[in-house]
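What follows is a short report on a single structure.
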Amino acid sequence: MTTVLITGCSSGYGLATAHRFHDEGWNVFATMRSPREDVLPRSERLRVFALDVTKPDSIAAAVRDAGPIDVLVNNAGIGLVGAFEATPLDSTREVFETNTFGTISMTQAVVPQMRARRSGAIVNVTSSVTLTPMPLAAVYTASKMAVEGFTASLSLELGFFDVRVKLI
């Protein structure tokens with residue numbers, strides 16, 4: 001039996017990913033800022049719990065409660081659309097805190113156990129906005145481009161320890 005911890009499972013890709021891993025027989029730790037048990041099936045192999053990727057104590061508790069993690073899926077994210085010049089810096093910081101630093105923080109929390117076991121996978125979720133520039137998405141795009149650069153470099157770094165790092 002393998003264990004996956006997925007961030008941002010309240011809707012969208014995170015929710016679909018939790019369903020898929022569960023259907024494939026994995027132990028699933030589906031995390032959400034505000035847990036909603038009604039969106040996922042009841043199962044001994046599925047646990048829903050609170051996680052805010054911007055809060056170090058929340059991250060530590062999630063990783064501790066999950067135990068050995070075979071796969072981390074960094075899916076938690078927030079969007080932002082609007083003219084860059086009208087975007088408050090606080091909003092920009094919030095997007096980066098969740099999309100970029102949340103991914104980095106979660107990864108940093110699980111790497112020691114994966115490196116020690118010399119196995120594991122980290123999957124970072126990006127966005128199609130990184131493929132083709134589009135107006136009104138500068139901050140969101142920048143946060144996801146940072147995740148892409150982080151993932152590419154970390155993949156090389158952790159490859160020496162048989163820990164795979166992928167971008168989807």
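These figures come from a predicted structure and were not determined experimentally.
- Using a 4.5 Å cut-off between side-chain heavy atoms of Ile, Leu, Val, Met, Phe, Trp and Tyr, with links allowed through other members, Phe161 and Met106 fall into the same hydrophobic cluster.
- Taking 4.5 Å as the limit, every side-chain heavy atom of Ser10 sits out of range of all side-chain heavy atoms of Arg33.
- Contact of the Ile122 side chain with the Val111 side chain is registered, since non-hydrogen atoms from C-beta on lie closer than 4.5 Å.
- Asn27 CG to Phe29 CZ: the interatomic distance, rounded to the nearest 0.5 Å, is 6.5 Å.
- Here the straight-line distance linking atom CZ of Phe101 with atom CD of Glu94 works out to 14.0 Å at 0.5 Å rounding.
- Residues Ser127 and Glu148 approach most closely at O-OE2, 4.3 Å, considering heavy atoms.
- When all heavy atoms are compared, the tightest approach of Ala66 to Leu5 is CB-CD1, 3.8 Å.
- With a 4.5 Å cut-off on side-chain heavy atoms, Ile59 and Pro56 do not count as touching.
- Taking 4.5 Å as the limit, some side-chain heavy atom of Val39 sits within range of a side-chain heavy atom of Met32.
- No donor-acceptor contact under 3.5 angstrom links the side chains of Glu97 and Thr54, judged on distance only.
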One pair to check against salt bridge (charged side-chain N to carboxylate O under 4.0 Å, His left out): Lys55 and Asp57. What are the steps and the verdict? CA-CA 6 Å; Lys55 308 251 184 274; Asp57 290 345; over 6 Å; no

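- Note that the CD1 atom of Ile168 and the CG atom of Asn75 stand 7.5 Å from one another [nearest 0.5 Å].
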Would you please test Val63 and Gln113 for side chain to side chain contact (heavy atoms under 4.5 Å, CB included) and show each step? CA-CA 10 Å; Val63 171; Gln113 63 173 274; 3.8 Å; yes

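- Remark: the backbone N or O of His22 is paired with a side-chain donor or acceptor of Arg45 at under 3.5 angstrom.
- In terms of heavy atoms, Thr130 sits closest to Thr141 at CG2-O, 4.4 Å.
- Classified by interplanar angle (parallel below 30°, tilted 30° to 60°, perpendicular above 60°), the ring pair Phe21/Trp26 is perpendicular.
- The nearest pair of heavy atoms linking Ser143 to Asn99 is OG-ND2, 3.1 Å.
- Rounding to the nearest 0.5 Å places OG of Ser155 at 10.5 Å from CZ of Arg164.
- We find the CZ-NZ distance between Phe96 and Lys144 to be 11.0 Å, quoted to the nearest 0.5 Å.
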Tell me, with the steps shown, if Ile69 and Val4 meet side chain to side chain contact (heavy atoms under 4.5 Å, CB included). CA-CA 6 Å; Ile69 298 166; Val4 60; over 6 Å; no

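- Residues Gly14 and Cys9 approach most closely at O-SG, 3.6 Å, considering heavy atoms.
- Under the 4.5 Å side-chain criterion, counting only non-hydrogen atoms from C-beta, Val48 is in contact with Leu40.
- Open room surrounds CD on Gln108; 12 or fewer heavy atoms of other groups in view lie less than 6.0 Å from it.
- Side chain of Ser91 to backbone of Thr87: no donor-acceptor contact under 3.5 angstrom is found.
- Side-chain contact between Asp70 and Arg117 is present, with at least one heavy-atom pair separated by less than 4.5 Å.
- If you chain together hydrophobic residues whose side chains sit under 4.5 Å apart, Leu72 and Val147 never meet in one group.
- Remark: Arg47 CZ is packed, more than 12 non-hydrogen atoms of other residues, nucleotides or ligands lying under 6.0 Å away.
- Under the 4.5 Å side-chain criterion, counting only non-hydrogen atoms from C-beta, Phe49 is not in contact with Pro35.
- When Ile6, Asp65, Leu51 are each tested for a side-chain contact (heavy atoms from CB on, under 4.5 Å) with Thr31, only one passes: Leu51.
- Between Tyr140 and Val81 the shortest side-chain heavy-atom distance does not fall below 4.5 Å.
- Linking ILVMFWY side-chain heavy atoms closer than 4.5 Å, directly or via other members, places Ile104 and Ile78 in a single hydrophobic cluster.
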Verdict with reasoning, Asp162 to Arg118, per salt bridge (charged side-chain N to carboxylate O under 4.0 Å, His left out): CA-CA 5 Å; Asp162 298 318; Arg118 296 191 69 84; 3.7 Å; yes

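- Distance check: Leu136 CG to Met134 CE gives 8.0 Å after rounding to the nearest 0.5 Å.
- One side chain, Asn124 or Thr151, offers a donor N or O that lies under 3.5 Å from an acceptor on the other.
- Under the 4.5 Å side-chain contact rule for hydrophobic residues, Leu15 and Val71 share a cluster.
- Between the side chains of Thr107 and Asn74, at least one donor N or O sits under 3.5 Å from an acceptor N or O.
- In this structure, Val110 is a member of the same hydrophobic cluster as Val53, with clusters built from ILVMFWY side-chain heavy atoms closer than 4.5 Å.
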